[in-house]
2 protein chains.
Amino acid sequence: MTELDDTDTEILQLLMEDARRSYKEIGEEVGLSAPSVSNRVERLEELGVIRGFTLDLDRSVLATGDEVVLEIDARPGSGDEVAETLREFDFVEHVVRAIDPRIVAYGHMDDRELRHLFEEALDPDSLEDYAIRKVAESSWQPNVDGADLALECAECGKPVHEGGVTVEMDDRRYHMCCTSCESLFRERYEELKEAA
Amino acid sequence: MTELDDTDTEILQLLMEDARRSYKEIGEEVGLSAPSVSNRVERLEELGVIRGFTLDLDRSVLATGDEVVLEIDARPGSGDEVAETLREFDFVEHVVRAIDPRIVAYGHMDDRELRHLFEEALDPDSLEDYAIRKVAESSWQPNVDGADLALECAECGKPVHEGGVTVEMDDRRYHMCCTSCESLFRERYEELKEAA
DNA sequence: CCTGAAAGCTCTACAGC
DNA sequence: GCTGTAGAGCTTTCAGG
């Protein structure tokens, strides 16, 4: 029930190509009626697989400063704070936090915005080191690779099949493959929460 | 004509939030009729500002390996080749090429895929250095910052106002602020093409 | 560059299997 | 979980300003 089948994958692929495509058209493509497609899309949204429908914008055509990658090493313990600060700015489009001190961010910003970011917004004491690199070219390939498109158990990592459990905690959905993983996950979750 | 006004920005913002929103609803929001919104969206597509309508997928919920950032320093002259190779793989979702030797890539890949990438696909001679980092957390904030949302002249960089020129070359659209920038751009383009 | 009306499609219940 | 149907609602074209 929690598992995605080939039809779900096809639907995701068709919607990635054009999110405004009609459910009727998608239905014809995958061999289902429009209402069935609609139901499946709704389910995919509830599962949290589809976070939303959005635009693929060509930002290079829009004049909002240069395309830039930031590579930042935060001081131990400051990673969250740095990532948080970066996310506050509209011109920062991606923030990727690696497990080390490293944070990689990407966005369109001009010199003024960069100066503001590093000289005022970010606490110098929370940065170990950083590099600002202008981007020559960037590409994004949205892709849904059919083969391994199944949900992953939040506790043990195995794929979730029939009989899986879905739990909603603090507005986020988690999927588990069985009830024992569910209770382990709940425990772990509570501990994490108390620690924070 | 080539310029974007505040209403265009609002429309872009609303569509970024939900690309399946109806044109009627958007029209009510921005104070236009549905047909006008439809026309503007069409124009934004023709201008190349909207590349398409797509999904925001939560890939972390899909079992396709770990979320990974790759930081690669290509040897001088090999940047294009390395970026090309990275893009060939479905599991590589973003490729950002900085002006230096540095290439940053992001995607979901397991150990097997990583090994294949670095041991077989990429020529070791074209790499100076690289780091593979697992991602703890990542976020993406699609954003359209109203203030400077105007098209930028492909030749001189100034905003394109009324009287701008749009040129289509090899399936890509370029915007210029005036006819002199247009001829300069055409020259430059031909040279670049011959060089390649 | 806009609107309003009208025709044609699309979506979404809902009943039934 | 799927289909067909039917009413509501949306998109799009077109005439007109």
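Protein chains get the first letters and strands the later ones, always in sequence-line order, with residue 1 at the start of each. All values reported here derive from a predicted model rather than from experimental measurement.
With no hydrogens or angles considered, no side-chain donor-acceptor pair links S138(A) and R97(B) at under 3.5 Å.
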Revision key, fill the gap. For nucleotides 7-13 of chain D, 5' to 3', base contacts (B), sugar-phosphate-only contacts (S) and non-contacts (-) with protein non-hydrogen atoms under 4.0 Å give ---SSBB
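Atom-to-atom, CD of E28(A) to P of dC9(C) comes out at 12 Å; the value is rounded to the nearest Å. One interatomic measurement links the two molecules: CD1 of I11(B) to P of dC1(C), which rounds to 12 Å at whole-angstrom precision. In this entry the distance linking CD of E45(A) with P of dT12(C) reads 10 Å, nearest Å.
Under 4.0 angstrom from either OP1 or OP2 of dC2(D) there lies at least one side-chain N or O belonging to R40(A).
H108(A) and Y106(A) have perpendicular rings, their planes meeting at more than 60° on a 0 to 90° scale where under 30° would count as parallel.
In the set dT3(C), dG1(D), dT3(D), dT3(D) carries the atom at the smallest distance from any side-chain atom of L32(A).
With hydrogens and angles ignored, the 3.5 Å screen pairs no side-chain donor or acceptor of R102(A) with any backbone N or O of D73(A).
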Side-chain donor-acceptor contacts of residues 25-37 of chain A below 3.5 Å, not counting sequence neighbours, with atom names and distances?
| from | atom 1 | to | atom 2 | distance (Å) |
| --- | --- | --- | --- | --- |
| E28(A) | OE2 | K24(A) | NZ | 3.4 |
| S33(A) | OG | S36(A) | OG | 3.2 |

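Under the ring pair (Phe, Tyr, Trp, His ring centres under 6.0 Å) criterion, Y23(A) pairs with no residue, sequence neighbours left out.
Atom CG of L122(A) and atom CG of L70(A) lie 9.0 Å apart (nearest 0.5 Å).
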